[in-house]
Amino acid sequence: MSLANAFLQAGQEGFEKKDSSGVEKFITDDFQMISSITTRSRQEFLDWVSGGGNAATVTAVFDVEVLYENDEVAVVSHGTDSGETYTGKVLCCGRKRDGKFYDWRLARLG
């Protein structure tokens, strides 16, 4: 399994269980998740996962497709359902350092 797949699977499980401990091992201390609407630091990201995501219903990640991955970068598309916040496809680019993600950028596709 690719690092990106494992990271997203751990994230989905974290949303469902409202527990971010599974995603911690995939991110660096200076991790940032960046989207067009927000930037989350490592702790803000972990708190977001522990809270179940963006909405009153649990955020869902599905149909993960790793488009490209090597030791430095992963490019992934996946479906997401964040309740009232956003439902659709996103394109993600995760940059890696020492086998962990330090930067995860999201672009909404529709």
Side-chain angles (χ1 to χ4, degrees):
M1 179 181 293
S2 76
L3 185 66
N5 264 325
F7 172 59
L8 289 169
Q9 182 177 356
Q12 178 58 41
E13 290 171 7
F15 288 138
E16 291 170 0
K17 296 176 182 177
K18 295 190 177 185
D19 177 6
S20 63
S21 61
V23 295
E24 286 184 278
K25 66 182 176 185
F26 295 101
I27 60 175
T28 63
D29 289 341
D30 61 343
F31 173 84
Q32 287 191 320
M33 187 188 89
I34 301 164
S35 74
S36 61
I37 58 172
T38 190
T39 297
R40 290 187 171 95
S41 68
R42 180 182 199 276
Q43 190 58 55
E44 290 167 334
F45 173 75
L46 294 172
D47 292 345
W48 177 63
V49 172
S50 291
N54 289 338
T57 59
V58 172
T59 294
V61 175
F62 52 89
D63 294 338
V64 174
E65 182 180 359
V66 177
L67 303 171
Y68 178 80
E69 186 167 7
N70 66 18
D71 291 340
E72 297 174 357
V73 67
V75 179
V76 181
S77 72
H78 66 78
T80 188
D81 184 351
S82 299
E84 70 271 359
T85 307
Y86 178 71
T87 299
K89 292 283 273 183
V90 294
L91 183 64
C92 308
C93 179
R95 296 189 296 167
K96 303 176 189 179
R97 179 186 329 116
D98 300 325
K100 294 183 178 186
F101 291 106
Y102 69 91
D103 183 85
W104 191 262
R105 296 176 186 256
L106 302 137
R108 295 177 181 186
L109 298 177

Can you list everything that forms a salt bridge (charged side-chain N to carboxylate O under 4.0 Å, His left out) with Asp29? Sequence neighbours excluded, please. Arg42
Ser77 side chain vs Cys92 backbone, donor-acceptor pair below 3.5 Å: no
Do Ser35 and Arg105 come close enough that some side-chain heavy atom pair is under 4.5 Å? no
Who passes side chain to side chain donor-acceptor pair (under 3.5 Å) against Tyr68, sequence neighbours left out? Asn70
Check whether any side-chain heavy atom of Leu67 sits under 4.5 Å from a side-chain heavy atom of Glu65, and report yes or no. yes
Under the side chain to side chain donor-acceptor pair (under 3.5 Å) test, residues paired with Ser41 that sit two or more places apart: Glu44
What residues form a side chain to side chain donor-acceptor pair (under 3.5 Å) with Ser21, not counting sequence neighbours? Asp19
Residues that Asp71 engages under salt bridge (charged side-chain N to carboxylate O under 4.0 Å, His left out), provided they are two or more places apart: none
For Trp104, does the six-membered ring have the charged nitrogen or CZ of Arg95 within the cation-pi criterion, i.e. under 6.0 angstrom from the centroid and within 45° of the normal? no
Would you say Val90 and Leu109 make side-chain contact, with heavy atoms under 4.5 Å? no
Tell me, please, which residues at least two apart from Ser50 pass side chain to side chain donor-acceptor pair (under 3.5 Å). Ser20
Shortest non-hydrogen pair, Glu24 vs Leu46, comes out as CG-CD2, 3.6 Å
For residues 2-15, dump all side-chain donor-acceptor pairs below 3.5 Å to protein atoms at least two apart in sequence or in another chain.
unit_1 : atom_1 : unit_2 : atom_2 : d
Ser2   : OG     : Asn5   : N      : 3.0
Ser2   : OG     : Glu69  : OE1    : 2.9
Gln9   : NE2    : Glu13  : OE2    : 3.4
Gln12  : OE1    : Val61  : N      : 2.4
Gln12  : NE2    : Glu16  : OE2    : 2.8

Is there a side-chain contact between Leu106 and Ile34 in this structure, where contact means two heavy atoms from C-beta onward sitting under 4.5 Å apart? no
Can you find a pair of side-chain heavy atoms, one from Lys96 and one from Thr28, that are under 4.5 Å apart? no
Nearest-0.5 Å distance, CZ of residue Phe31 to NZ of residue Lys100: 12.0 Å
Can a cation-pi geometry be assigned to Arg97 and Tyr102, taking NZ or CZ under 6.0 Å from the six-membered ring centre and within 45° of the ring axis? yes
Side chains of Met33 and Phe45 in contact at under 4.5 Å (non-hydrogen atoms): yes
Asp98: partners by side chain to side chain contact (heavy atoms under 4.5 Å, CB included), with sequence neighbours left out: none
